[in-house]
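Input: a single structure, listed below in structure tokens.
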Amino acid sequence: MPHWNDRIEFPHHTIKTLTFLGFGLLGSLTIFLPLLFMNSTSISRSLLIFALVFSLINAVLEELLWRGLLLSSLRKYISTFYAVLVTSIGFGLLHLSIGIPILMSLSFSFGGLFYAFVVLKTKSIYPAILFHFVINIGMVLNGWIL
């Protein structure tokens with residue numbers, strides 16, 4: 001678990017871990033904005049259950065693989081910069097390989113970069129799993145993943 005009262009250092013300032021994670025969660029919640037502009041906002045119970053189950057399984061497994069196993073292992077052999085770069089690009093390419101369009105897969109690479117940053121700054125994989133979970137739910141409810 002992250003140390004909630006620790007401070008995360010950036011080049012020109014520091015921020016409490018809890019504040020940093022709060023901003024990250026707010027950013028992740030922006031995935032729900034398109035739902036405000038949809039004509040039909042009726043969400044069935046089965047879709048909501050699917051969104052929750054899929055999102056939980058997907059977020060846990062992808063984060064354990066990409067940030068838990070691969071990022072931590074690569075950091076032992078190459079610099080953190082290149083480990084983050086390789087795992088972020090790989091994360092996007094994985095989604096491209098399962099048929100997700102290239103621009104969306106590129107955005108997933110940026111998502112992988114964000115998750116890696118969160119894991120490295122908080123020294124915990126749990127916040128990345130939470131953010132990934134929230135974003136996946138939004139993607140399912142927006143109809144981007146089915």
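In plain terms, the two heavy atoms of Y115 and I135 that are nearest each other are OH-CD1, 3.5 Å. The shortest non-hydrogen separation linking A83 to I78 is N-CD1, 3.7 Å. Closest of all the heavy-atom pairs between A51 and L141 is CB-CD2, 4.1 Å. Across all non-hydrogen atoms, the minimal contact from S109 to G92 is OG-CA, 3.2 Å. Shortest non-hydrogen contact noted between V118 and P127 is CG1-CB, 3.7 Å. The two residues L94 and S97 make their nearest non-hydrogen contact at O-OG, 2.6 Å.
Distance check: I125 CD1 to L120 CG gives 10.5 Å after rounding to the nearest 0.5 Å. Atoms CG and CG, from L103 and L96 in turn, are 10.5 Å apart once rounded to the nearest 0.5 Å. With rounding to the nearest 0.5 Å, the separation of CG in L61 from CG in L56 is 9.0 Å. Between the OG atom in S79 and the CG atom in L74 there is a gap of 10.0 Å [rounded to 0.5 Å]. With values rounded to the nearest 0.5 angstrom, L21 atom CG is found 8.5 Å from S124 atom OG. Atom CG of L64 and atom CD1 of I129 lie 5.0 Å apart (nearest 0.5 Å).
Around the CD1 atom of I102, the shell of radius 6.0 Å holds no more than 12 heavy atoms that belong to other residues, nucleotides or ligands. The local environment of CZ in F117 is crowded, with over 12 non-hydrogen atoms from other residues, nucleotides or ligands closer than 6.0 Å.
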(Q) If you apply the rule side chain to side chain contact (heavy atoms under 4.5 Å, CB included), what do you find for I57 with V53, and how did you get there? (A) CA-CA 6 Å; I57 292 169; V53 171; 3.8 Å; yes
Q: Please test F108 against L93 for side chain to side chain contact (heavy atoms under 4.5 Å, CB included), starting from the C-alpha separation and ending with a verdict.
A: CA-CA 9 Å; F108 288 179; L93 289 175; over 6 Å; no
Q: Evaluate the side chain to side chain contact (heavy atoms under 4.5 Å, CB included) criterion for residues Y126 and L130: first the C-alpha distance (whole Å), next the side-chain angles of each, then the deciding distance (0.1 Å), finally the verdict.
A: CA-CA 6 Å; Y126 295 115; L130 175 65; over 6 Å; no
Q: Take V60 and H132 through the side chain to side chain contact (heavy atoms under 4.5 Å, CB included) test and state the conclusion after the steps.
A: CA-CA 8 Å; V60 169; H132 197 146; over 6 Å; no
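Both F114 and L70 are members of a single hydrophobic cluster when ILVMFWY side chains are connected at heavy-atom separations under 4.5 Å. Side-chain heavy atoms closer than 4.5 Å link hydrophobic residues (I, L, V, M, F, W, Y) into clusters, and following such links, even through other members, never connects F110 to I100. Taken together through direct or relayed side-chain contacts under 4.5 Å among Ile, Leu, Val, Met, Phe, Trp and Tyr, I137 and I49 form parts of separate hydrophobic clusters. I98 and M104 fall within a single hydrophobic cluster, where Ile, Leu, Val, Met, Phe, Trp and Tyr are joined by side-chain heavy atoms under 4.5 Å apart, directly or via other members. I89 and L71 fall into different hydrophobic clusters, defined by Ile, Leu, Val, Met, Phe, Trp and Tyr side-chain heavy atoms under 4.5 Å apart, directly or through other members.
Side-chain contact between L113 and F91 is absent, with no heavy-atom pair separated by less than 4.5 Å.
Cation-pi geometry between R45 and F50 is not met: the NZ or CZ atom fails to fall both under 6.0 Å from the ring centre and inside 45° of the normal.
Proximity of a side-chain donor or acceptor of N58 to a complementary backbone N or O of F54 within less than 3.5 Å is not detected. Distance alone, capped at 3.5 Å, is enough to place a donor-acceptor pair between the S72 side chain and the L69 backbone. Side-chain atoms of K121 come within 3.5 Å of backbone N or O of E9 as a donor-acceptor pair. At least one donor-acceptor pair under 3.5 Å links the side chain of T87 to the backbone N or O of V84.
Among the candidates T14, T17, T19, the single residue satisfying the side-chain hydrogen bond (donor to acceptor under 3.5 Å, both in side chains) test with R7 is T14.
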